[in-house]
Number of protein chains: 2
Amino acid sequence: MAGDTSKIIPNIEEHESWKTFREYLTAQGLRVTQQRLAIFQAAYFSSDHYTAEDLLDEARKLDESVSRATVYRTLPILTESGLVKEVDIGKDYKFYMSNQGATTFKAQVINVDTDKIIEIDAPFMEWYGKAVAEKLNMEVVSQRLQIEAREVPSSQ
Amino acid sequence: MAGDTSKIIPNIEEHESWKTFREYLTAQGLRVTQQRLAIFQAAYFSSDHYTAEDLLDEARKLDESVSRATVYRTLPILTESGLVKEVDIGKDYKFYMSNQGATTFKAQVINVDTDKIIEIDAPFMEWYGKAVAEKLNMEVVSQRLQIEAREVPSSQ
DNA sequence: TTGGTTGCAAACAATTTGCATCTAA
DNA sequence: TTAGATGCAAATTGTTTGCAACCAA
């Protein structure tokens with residue numbers, strides 16, 4: 001096996017998310033490969049937002065055989081499984097983040113000076129989207145609220 | 001895409017927006033060129049969302065010398081002047097729309113099946129973004145609320 | 001006159017894809 | 001065994017840029 005996968009989080013392979021991921025692959029008729037496992041681990045056990053390129057770097061620390069193409073081919077699997085969330089803030093590349101314990105609707109506050117993304121709860125937004133869609137006789141597939149802001153040069 | 005705009009609006013060159021655009025160019029030390037005027041007209045007197053490529057097609061109906069490069073170089077001028085608004089819905093190309101009479105905050109409802117974009121008023125969003133940003137000691141630069149939805153297969 | 005603008009084509013950058021090889025099942 | 005998965009490199013696609021010709025002021 002290329003790359004020990006249990007260095008960062010103790011007993012990481014016993015974490016239930018592993019089971020979820022393996023079962024998802026199997027259920028979809030997809031194979032459980034070393035590369036997919038490495039990419040999953042790097043993607044899911046991350047606490048921040050990352051790009052495909054960031055993910056490639058991290059996954060390679062776990063299995064150096066991982067290629068850029070496989071990262072791009074695996075990301076849709078991760079997002080469709082619900083384990084990872086795609087975050088598009090209007091740049092020419094996408095961000096992703098682990099979807100660990102996601103429940104309530106989140107808005108993103110983007111610091112325009114640093115590009116840092118802060119996720120904040122915005123539970124009532126969910127209701128708002130539904131209400132608007134209903135008026136148009138539509139059903140919500142997804143929604144996002146993004147606020148670009150900059151730090152106030154804290155006076156006094 | 002909106003058709004030939006000079007047929008819809010009478011005396012189009014007397015519309016005050018022309019003055020605004022020319023004054024904006026001059027104020028910025030930019031030249032008033034035929035190409036910029038054609039792109040402005042195609043961009044501003046359109047009632048729908050359009051891509052850079054759509055805009056190129058429309059602008060060429062007014063001045064066939066307009067090139068793709070000039071469209072891309074003019075779009076930032078139009079958005080910075082406030083005459084045109086950029087709408088990014090997470091696709092790999094951007095949409096734009098005329099900012100005629102825009103006052104209140106708008107949300108976009110995107111029909112995921114047809115890619116049609118519907119703009120709806122969401123005035124309270126403005127307040128919400130400000131409140132959130134304030135809590136983080138930040139000031140809002142811009143915000144967007146997007147709802148992806150699909151038509152309900154109208155029963156009965 | 002002359003420095004900003006233009007069209008063209010080449011360059012870019014993120015992402016996708018064709019293909020020969022590899023491997024999970 | 002064998003169909004699905006991989007790495008590599010080339011292709012794609014929306015957008016940007018270098019440059020010589022052009023033209024608004």
| query | Base, sugar-phosphate, or nothing: which does A:R73 touch, judged by heavy atoms less than 4.0 Å apart? | reply | base
| Can you tell me if the side-chain N/O atoms of A:T33 get under 4.0 Å from OP1 or OP2 in D:dT6? | yes
| query | Would a distance-only check, ignoring hydrogens and angles, find a side-chain to backbone donor-acceptor pair under 3.5 Å from B:T74 to B:T70? | reply | yes
| note | Testing C:dT5, D:dA5, C:dG7 for proximity to the side chain of B:R36, the answer is C:dT5
| message | Testing the basics here: between B:V140 and B:A133, what is the closest heavy-atom pair and its distance to 0.1 Å? | response | CG2-CB, 3.7 Å
| task | Check the distance between C:dT15's P and A:L75's CG and give it to me in whole angstrom. | result | 9 Å
| task | For C:dG7, take OP1 and OP2 only and decide whether either is under 4.0 Å from a side-chain N or O of B:Q35. | result | yes
| request: For C:dT15, take OP1 and OP2 only and decide whether either is under 4.0 Å from a side-chain N or O of A:R68. | output: no
| query | Taking the side chain of A:Y72 as its heavy atoms from C-beta onward, which of C:dG18, D:dA25, C:dT15 lies nearest to it? | reply | C:dT15
| remark: Of the listed C:dA14, D:dT15, D:dT6, the closest approach to the A:T70 side chain comes from D:dT6
| remark: On DNA chain D, more 5' by nearest nucleotide between B:Y96 and B:T26 is B:Y96
| query | Tell me: CD1 of B:I39 to P of C:dT5, nearest whole Å? | reply | 13 Å
| query | Counting just side-chain N and O atoms, does A:T51 come under 4.0 Å of either OP1 or OP2 of C:dA14? | reply | no
| remark: Heavy-atom nearest nucleotide on DNA chain D taken for B:L30 and for A:R60; more 5' hit belongs to A:R60
| Taking atom C1' of D:dG14 as reference, at what distance in whole Å does atom CD of B:E86 sit? | 13 Å
| Distance in angstrom units between A:K94 NZ and D:dG14 P, rounded | 13 Å
| Between the main-chain N or O of B:V32 and the side-chain N or O of B:R22, is there a donor-acceptor pair closer than 3.5 Å? | no
| task | Return the orientation label for the A:H49 and A:F95 ring planes: parallel under 30°, perpendicular over 60°, tilted otherwise. | result | perpendicular
| query | Could you give the CG-to-P distance, from A:D54 to C:dA13, as a whole number of Å? | reply | 17 Å
| message | From C-beta outward on A:A69, which listed nucleotide comes closest to its side chain: D:dC8, D:dT15, C:dT5? | response | D:dC8
| said: Between A:R60 and A:V66 (side chain of the first, backbone of the second, donor and acceptor by atom type, cut-off under 3.5 Å), is there such a pair? | reply: yes
| task | Mark yes or no for a side-chain to base donor-acceptor pair under 3.5 Å between A:R31 and D:dA3, with no hydrogen or angle criteria applied. | result | yes
| request: Could you tell me the separation between the CD atom of A:E53 and the C1' atom of C:dC12, rounded to a whole number of Å? | output: 15 Å
| remark: Ranking D:dA5, C:dG7, D:dT6 by distance to the side chain of B:S67, first place goes to C:dG7
| message | Expressed as a whole number of angstroms, how long is the span from B:L56:CG to D:dG14:C1'? | response | 13 Å
| task | Mind telling me whether A:F45 and A:F40 have parallel, tilted or perpendicular rings, with 30° and 60° as the class edges? | result | perpendicular
| message | Just the rounded figure in Å: distance from C1' of D:dA3 to CG of A:L25. | response | 16 Å
